[in-house]
Amino acid sequence: MPAIARWLAEMPAGTRARVFIEVGEESHRQELETEADATVTWLSRDGAPAGTTDLLEQAVRSMAWLPGTVYVWAAGEAVTLKGIRRHIAVERQVPREQSHFTGYWRRAEPAPGPLEDAVPKDEEAHERLHELTDLAPGFAIRTAVTLGLFDLVRGGVSGSAELARRTGTDPSLLGALLAYLVAIGLLEADGEAHRLTPVSEELVEDDHSSDEYHLGGAQAAVDLSLSGLLHTLRTGEPGYRTAGGEWVATAMHTDERLAGSARVAVEEEARWVAPGVSGAYDWASVPALTAGGHGVGTLVNALVKAHPALRVRIAALPSELRVLDEQILDTDVSPNVELIPQTGPVPHGGSTVLVSRLLERLADEDAVLILTGAAAALPPDGTLLLVEQIRPTDPDDIDATLQHLRLACLFGSGLRSQDELSALAVRAGLRVRRCDDIGWDHRLWVLEHSAGQ
């Protein structure tokens, strides 16, 4: 819903748009502001589980097609989008560069029988162990995605020699990769040619998957970081370097694809906590805010829309400010925002400073140094607002556990507990006035100078 709201808010006046939004029930409808010539159709599932109806597909198929150049954007449950994607690409013949489909999630069917039925039997243990430890499929698939191999096959390019020429690779080695992709079900061999399978079609048709599995992107670095886990466990230091031999923190200053994909991912995640940030502090009492860190553009969007009188200065590197200006900040928010080029990671200036998710990429000593600099720049009565994700206490939260390990391998940091983060602030000469739960394992710290500082 936030993405649709932004599309509508940024459409120029007079732009024709047809918008279909599926909701769980009628009460989930929202007011969506736009100057476009937009018709919004709300499709209620009337309590049916998400991902179990064809309401969206039937609505798209039955709509009156608009004349002129069309751009299609769709997001939702991955299987539900398949029929819509085929209709747009095949029946409507919309070129791929004029469409964007993202399967944010996939509905899982309950496993039949009791849980113990899913446990491998003794004779299956060895096979299960092999599946868990086999690294080859992930590397092969990511390499094929990065080469654009599946896109070429979909486009009708056939034969390993021609595919090797198009991808700039060794024909013999590419032939071996193609054979392996056939063996694991990503391609089907048809003589000298190849065809996509339902699995590889998912990679080609879902733009989110294509970005996620590209070896030059941030997600690949996050996944590959665990190759340095042994070193990190033994030393507490980062254990992963990029293919160019750089630490990820260093590479993000020079590799625009890596840095850009990381920024986009964090900004997307910030959508979930933005409402909590907006409701956790008395923003009406803040005439001007200085902000910086990761995901800060999305937070500023939410704050300015909730408090239109708020004026914001965002301080960051010029390349980061360009992304914020062109991709993140909403058009109705931009007039309230001044973008300030700055080399340091912490924004300076003003009596109220907001820093978002900066410490998760820093070791303890570096985090204390950054907070000390932020404290030194605050006026005596200033307030530093800190947004960070904490390490959950639930041992069954496997996603958070992996995130903790990956951050440690990438930056030598990891997720910290609420008490550990508060202790870093105290070491930097700050006092914790309060710490609020803003949802999704995130906290908002309200910090001020310690007595005598």
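Leu354 pairs in a side-chain contact (heavy atoms from CB on, under 4.5 Å) with only one of the listed residues (Leu384, Val286, Leu303), which is Leu303. With respect to Glu388, the side-chain contact (heavy atoms from CB on, under 4.5 Å) criterion is satisfied by exactly one of Leu421, Leu424, Val355: Leu421.
We find the CD-OG1 distance between Glu202 and Thr197 to be 10.5 Å, quoted to the nearest 0.5 Å. How far SG of Cys409 is from CG of Leu229: 4.5 Å, rounded to the nearest 0.5 Å. From Leu181, atom CG reaches atom CG of Leu177 across 4.5 Å, with rounding to the nearest 0.5 Å. Once rounded to the nearest 0.5 Å, the distance linking CG of Leu289 with CH2 of Trp283 reads 5.5 Å. Distance check: Leu215 CG to Leu258 CG gives 12.0 Å after rounding to the nearest 0.5 Å. Between the CD atom of Glu269 and the OG1 atom of Thr298 there is a distance of 10.5 Å, given to the nearest 0.5 Å.
Other residues, nucleotides and ligands place no more than 12 heavy atoms under 6.0 Å from the CH2 atom of Trp272. Summarising the local packing, CD of Glu420 is surrounded by more than 12 heavy atoms from other residues, nucleotides or ligands at distances under 6.0 Å.
The salt bridge (charged side-chain N to carboxylate O under 4.0 Å, His left out) test applied to Glu246 returns no partner, not counting sequence neighbours. Partners of Glu267 under the salt bridge (charged side-chain N to carboxylate O under 4.0 Å, His left out) rule, at least two apart in sequence or in another chain, do not exist in this structure. The side-chain hydrogen bond (donor to acceptor under 3.5 Å, both in side chains) check on Arg154 picks up nothing, with sequence neighbours excluded. Under the side-chain hydrogen bond (donor to acceptor under 3.5 Å, both in side chains) criterion, Glu26 pairs with Arg29, not counting sequence neighbours. For Arg443, the side-chain hydrogen bond (donor to acceptor under 3.5 Å, both in side chains) criterion is met by Gln418, Asp437, not counting sequence neighbours. Scored by the salt bridge (charged side-chain N to carboxylate O under 4.0 Å, His left out) test, Asp46 finds no partners at all (sequence neighbours excluded). Ser422 meets the side-chain hydrogen bond (donor to acceptor under 3.5 Å, both in side chains) test with Trp445; sequence neighbours excluded. The salt bridge (charged side-chain N to carboxylate O under 4.0 Å, His left out) check on Arg427 picks up nothing, with sequence neighbours excluded. By the ring-ring contact (aromatic ring centres under 6.0 Å, His included) test, Tyr180 pairs with no residue at all, sequence neighbours left out.
Using a 4.0 Å cut-off between charged side-chain N and carboxylate O, Glu256 and Arg263 make a salt bridge.
Residue pairs meeting the salt bridge (Lys or Arg N to Asp or Glu O under 4.0 Å) criterion with at least one member in residues 406-417, sequence neighbours excluded, are Asp223-Arg406, Asp364-Arg416. The side chain to side chain donor-acceptor pair (under 3.5 Å) contacts involving residues 309-322 comprise Thr290-Arg313, where partners must be two or more places apart or lie in separate chains. For the side chain to side chain donor-acceptor pair (under 3.5 Å) condition, the pairs that include at least one residue of residues 324-346, sequence neighbours left out, are Arg6-Asp330, Lys305-Asp330.
Annotation: side chain of Leu415 is not in contact with side chain of Asp441 (no heavy-atom distance under 4.5 Å).
Side-chain N or O atoms of Ser356 include none that pairs as donor or acceptor with a backbone N or O of Gly293 at under 3.5 Å.
Minimum interatomic distance between Ala291 and Val296 (heavy atoms only, all atoms of both residues): CB-CG2, 3.5 Å.
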